[in-house]
Amino acid sequence: MRAVESFVAGRWAAGADGRPVHDAVTGAVIASVSSAGIDLGVAHTHGRAVAGPALRELTFHERAAILRAVGKMVLADTDELYALSYSTGATRSDSSIDIDGGAGALLAYSGIGRRELPNQKVWIDGVVQGLSRDGSFVGQHIITPRHGVALQINAFNFPMWGMLEKFASAFLAGVPSIVKPATPTAYVTEAVVRKIIDSDLLPEGALQFVAGSIDGLIDVLDEQDTLSFTGSAATARVLRGNAAVLDRGVRFSAETDSLNAAVLAPAAGPDTPEFGLFLDEVISEMTVKAGQKCTAIRRVIVPAAHADAVEEALVERMRDITVGDPSAPDTDMGALVGISQREDVRAAVGRVGGTTVLDTCQFEGVDPERGAFMAPTLLRADDAATSLAHVVEPFGPVATLMSYATLDEAVGLVAKGRGSLVASVYGPDLDEAAAVTLGIAPHHGRVHTIDASSAAASTGHGSPLPQLVHGGPGRAGGGEELGGLRSVLHYMQRTAVQGSPDLLTTVTGTWVEGAARREKGHPFTLHFDELEVGDCLDTEPRVITLEDIEHFAHFTGDLFYAHMDEEAAKASPIFEGRVAHGYLVLSMAAGLFVWPDPGPVLANYGVDNLRFATPTYPGTEIRVIFTCKEKSLRAGAGYGEVRWDTKVVDQDDNLLASYDVLTMVAERGDAT
Ligand code: NAP
């Protein structure tokens, strides 16, 4: 028997008197887990003192690049991880969610970081708020990494994905992780942590791992630390009541159990494609990971008129499910994680009650009593309104069928789960589907609404996606994981900074209106590394004439009356007469600020935040004030992105148009 080791402060060590862990298929003891005797307080100080400062030295893009390297490294050789995972009862396709899905989460967060965050250490939230008439006192929200650790407690069912998706967000945020896996599958998490540590890709202390109890660790957390939990509602309740959370202000986030529903809409009768698609989804959710998925469909809610047809069709499909050795290629469903988990599920089935429709099957090539095998089980509620299926979670291959008479009743039944991670709605009628979707949305973190047009491309009811929220209100824990940058925010602090425009420019690295500007030659002649925020150009003026407007109108075909018809323009509530096209103003502005010769500016890839502030009438003299606002280097690309604050003003300095011009600017030596 092998002792699972913890990795604390750069050292692997096993705790004393380990708790035995059993192979889900054979029942044999395969490992032991304990943290007894390991000084967990050191994990906290090591993470904070060594890893935190090193991570905060990196920009978001640098952290994203490391996540990408780690994800690719994990994916490069997954054989050992797949082999190990069979002992958890998982089939190969179950494990692909865990292994490839986990590494995929690292890659996805790397992409999110590179695309959606600047290559900076500070993340700016929202726009600058003017706080004084003269513009000398302004406010700006900034987001910075907290100076603590992220203690992440995971459930047994996804020992890799559960850990990697949390680690990815914390790492991108710049916060070190201490990972605590569930004991029954800790040996799988240990294997992937070892691979990552051995790769030397991470800064020292950015990832630590504790197998076994973390009591001593929770005791030292404080307001800079984050405690993220995935598991049962019962454990979440215990943790939420811990002094660390209640007294010391540790930020706590929970993803807990969830009695997810699937609703068949009234129009989805047995002769519609949606009927079959609905059945496929229910069967898949009962059998993937042997139903040990937080997102699994537990409540199958169907129109009373179709309930018997649904039951019959589900039973027919359930009889085709092969349950047995997870490593055999023909197996559809493997084992639960252990015998005690199976006992828990059986007990929960007894508490749910109702009528048992089917709870037997043939087990292929295994001894179902030595391993934690269980037949897929379909129950039917005797009374949908009072069924305990809305309350009790059998965390296994179990679902309860129930029926409704009206759409309102269907929505009411779904809401009886008191907050869930996800629900599916299947139906061909858009109005019905939209009514159910809107009715149940406040009770869920995600709603998956499918008809025949989207089914083939659907990622499925049970698959949380990095870019979409995973979490839900109430019973589901109230947390929000994944969802792109939303989960990164869990590990960071939002701060409103007030001060002068120059102070905010210095703090954020982004030029703020009112801060100092300097003219040091045409900024388009400067390379990325020579440019500084605040470098600017105040252009020569140019008068817009009626002939310009005529020419532009006929050249582009934009003959809108406000540009062409003096009387009609005057009659409008907006204009005093013929007015220049906004795009003419923009085009002439570009003519004023661009540098014509080849140089460091490679391309203009768009504009942001465009507003036409005042109509521009013929005879107006326009000029442009063009200021380098923000720089973000594309590491290794030879160029960076530069955002230019662009203001078009008239002869009296009245604002006509404002926008950000987005360009790619070469680093020195890479100019074309
Ligand atoms: P669990 O018994 O609540 O355990 C979850 C984690 O909490 C494990 O790592 C466990 O460690 C740890 N733990 C237990 N008591 C603790 C305590 N007093 N202090 C600190 N940590 C403690 O849940 P599970 O059996 O692993 O997982 C099944 C449940 O998780 C189901 O209810 C399922 O719905 C839920 N789940 C939810 C999600 C989601 O995203 N919402 C995802 C997966 C699973 P030990 O194993 O060492 O006790």
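Read the numbers this way: they start at 1 and go in the same order the structure lists the ligands and their atoms. Every heavy atom of this structure was used, including side-chain atoms; hydrogens, water molecules and symmetry mates were not.
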Throw together a table of side-chain donor-acceptor distances under 3.5 angstrom for residues 234-243, partners on residues two or more places apart or in other chains.
residue: Thr235; atom: OG1; partner: Ser232; partner atom: OG; Å: 3.0
residue: Arg240; atom: NH2; partner: Gly477; partner atom: O; Å: 3.0
residue: Asn242; atom: OD1; partner: Ala244; partner atom: N; Å: 2.7

Salt bridge (Lys or Arg N to Asp or Glu O under 4.0 Å): which pairs involve residues 25-50, sequence neighbours left out?
Arg48-Asp222, Arg48-Asp225

Basic-acidic side-chain contact under 4.0 Å: Glu190, Arg2:
yes

Using the six-membered ring wherever Trp is involved, compare the ring planes of Tyr426 and Phe278 and label them parallel, tilted or perpendicular (cut-offs 30° and 60°).
perpendicular

Would you mind writing out the side-chain donor-acceptor pairs for residues 436-443 within the sub-3.5 Å range, not counting sequence neighbours?
residue: Thr437; atom: OG1; partner: Ala433; partner atom: O; Å: 2.6
residue: Thr437; atom: OG1; partner: Thr449; partner atom: OG1; Å: 2.9

Near ligand 1, at a heavy-atom separation below 4.0 Å: residues by chain and residue number
Ile153, Asn154, Ala155, Phe156, Asn157, Lys180, Pro181, Ala182, Thr183, Pro184, Phe229, Thr230, Gly231, Ser232, Thr235, Leu239, Glu255, Thr256, Asp257, Cys294, Glu393, Phe395, Leu421, His470

Arg248 with Glu223: basic N within carboxylate O range, under 4.0 Å:
no

